[in-house]
Amino acid sequence: MNVEIHEKIKQIKQSFRFRMNGVASQSMREKGILYKLNWGIPVPELKEMAKEYGKDYALAIELWKEDIRECMILATLTMPYEKMDEELVEVWMERVKTQEMAEILAFNLLQHLNFASALAFRWIASGRQMYELCGYNLLARLFSRGTEPDFRDINEYLDQANSALQSNNIQVKHAAYNSLLKFCDISEAFETIAKKAVSFLND
């Protein structure tokens, strides 16, 4: 890590102390949202902080390595989209340990990548909780932006979503259901296809 980046990260960490929200941090811990360090700073406030630093690849890389909630969120906000290749995405995903971070990574960064759709379809079939969570959150974002999957992808998606809705994993089930609602919003035709394939939507 070069001196400039080191100083920026030191400055960022020091600023967390003045912005910390102990009540929010405690509430997250009680809900099982665990990080090595969590200052409880709201995401909108972190977005304002990120504007000070702009898009900075080297900074984002080092921030993501920190097991600190706020550093990781800032990393998703400062990483330039065009510098995020598939190999780096996989490296980053290995550090995703909470539902919150899976959602934030998908929303702030992954939805803007040109291979986002392929990534999402691969992850929802992975059988790995955080990857599935991130995959369904990513698809929900893409569908809400009007991205239409092709016929083969539709069948695969509905099979996986149907399976997720029947699983015992509440988090994955919830993410899959949300993505289905966004899928149905694309058009009436998509809603009809989904309701034929997924009985859960007709309950």
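Residue numbers run from 1 in the order of the sequence given. Given the structure is predicted, the values throughout are model-derived calculations rather than measurements.
Summarising the local packing, CZ of R145 is surrounded by more than 12 heavy atoms from other residues, nucleotides or ligands at distances under 6.0 Å.
Residues Q11 and Y53 meet the side-chain proximity criterion, which asks for heavy atoms closer than 4.5 Å. Inter-residue side-chain proximity for K55 and Y81 is flagged as met; some heavy-atom pair is nearer than 4.5 Å. With a 4.5 Å cut-off on side-chain heavy atoms, L63 and T78 count as touching. When side chains are defined from C-beta on, L88 counts as touching I61, because their heavy atoms get closer than 4.5 Å. A 4.5 Å side-chain heavy-atom check between L139 and W123 finds every atom pair outside the cut-off. Residues V89 and D85 have side chains not in contact (no heavy-atom distance under 4.5 Å, counting atoms from C-beta outward). Between M79 and K83, some side-chain heavy-atom pair lies under the 4.5 Å cut-off. F107 is not listed as a side-chain neighbour of T76, based on a closest heavy-atom distance of 4.5 Å or more.
Distance check, rounded to the nearest 0.5 Å: CD1 of I41 to CZ of R17 gives 11.0 Å. Taking CG from L142 and CD from Q111, the interatomic distance works out to 7.0 Å, rounded to the nearest 0.5 Å. To the nearest 0.5 angstrom, N155 atom CG is 8.5 Å from I193 atom CD1. Note that CG of N2 and CD of E62 are 8.5 Å apart. Values are rounded to the nearest 0.5 Å. Distance CG/L110 to CG/L105: 4.0 Å, rounded to 0.5 Å. Here the straight-line distance linking atom CD1 of I73 with atom CH2 of W39 works out to 14.5 Å at 0.5 Å rounding.
When all heavy atoms are compared, the tightest approach of A102 to L133 is CB-CB, 4.2 Å. The two atoms that bring W64 and R95 nearest to each other are O-NE, 3.0 Å, heavy atoms only. Here the shortest heavy-atom pairing between A125 and Q160 reads CB-NE2, 3.5 Å. Residues E132 and I124 approach most closely at CG-O, 3.8 Å, considering heavy atoms. For the pair A106 and N137, the tightest heavy-atom approach, listed with the atom from each and the gap, is CB-CB, 4.0 Å. Minimum interatomic distance between A176 and A161 (heavy atoms only, all atoms of both residues): CB-O, 4.4 Å.
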Ignoring hydrogens and angles, write down the donor-acceptor pairs under 3.5 Å from the side chains of residues 180-191, residues two or more places apart or on other chains.
from: S187; atom 1: OG; to: A189; atom 2: N; distance (Å): 3.4
from: S187; atom 1: OG; to: F190; atom 2: N; distance (Å): 3.2
from: E191; atom 1: OE2; to: K195; atom 2: NZ; distance (Å): 3.1

Mind listing the side-chain donor-acceptor pairs of residues 42-49 below 3.5 Å, one per line with the distance, residues two or more places apart or on another chain?
from: E48; atom 1: OE2; to: K51; atom 2: NZ; distance (Å): 2.9

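For Y177, the ring-ring contact (aromatic ring centres under 6.0 Å, His included) partners at least two apart in sequence or on another chain are F200.
The backbone N or O of A140 lies less than 3.5 Å from no partner atom in the side chain of S179, so there is not a single donor-acceptor pair. A donor-acceptor pair under 3.5 Å is formed between the side chain of N162 and the backbone N or O of A197. Formation of a donor-acceptor pair under 3.5 Å by the D153 side chain with backbone atoms of P149 is not found in this model.
A cation-pi contact links R128 to Y131, judged by a cut-off of 6.0 Å to the six-membered ring centre and 45° from its axis.
Side-chain contact check for Q99 and E103: at least one donor-acceptor pair (N or O, by modelled atom type) lies under 3.5 Å.
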List the steps and the verdict of side chain to side chain contact (heavy atoms under 4.5 Å, CB included) for M84 and W92. CA-CA 10 Å; M84 198 76 180; W92 278 37; 3.5 Å; yes
Under the criterion side chain to side chain contact (heavy atoms under 4.5 Å, CB included), I'd like the reasoning laid out for C134 against V96: C-alpha separation, chi angles, the key distance, then a yes or no. CA-CA 9 Å; C134 207; V96 175; 6.0 Å; no
Could you go through M72 and M101, starting from their C-alpha distance and side-chain angles, then the distance that decides it, and tell me whether this counts as side chain to side chain contact (heavy atoms under 4.5 Å, CB included)? CA-CA 8 Å; M72 295 178 79; M101 198 55 65; 3.7 Å; yes
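A salt bridge does not link K13 to E70: none of the charged nitrogens lies less than 4.0 Å from a carboxylate oxygen. D56 and K8 are joined by a salt bridge, as a carboxylate oxygen and a charged side-chain nitrogen come within less than 4.0 angstrom of each other. E100 has a carboxylate O that lies under 4.0 Å from a charged side-chain N of R69, or vice versa, which qualifies the two as a salt bridge.
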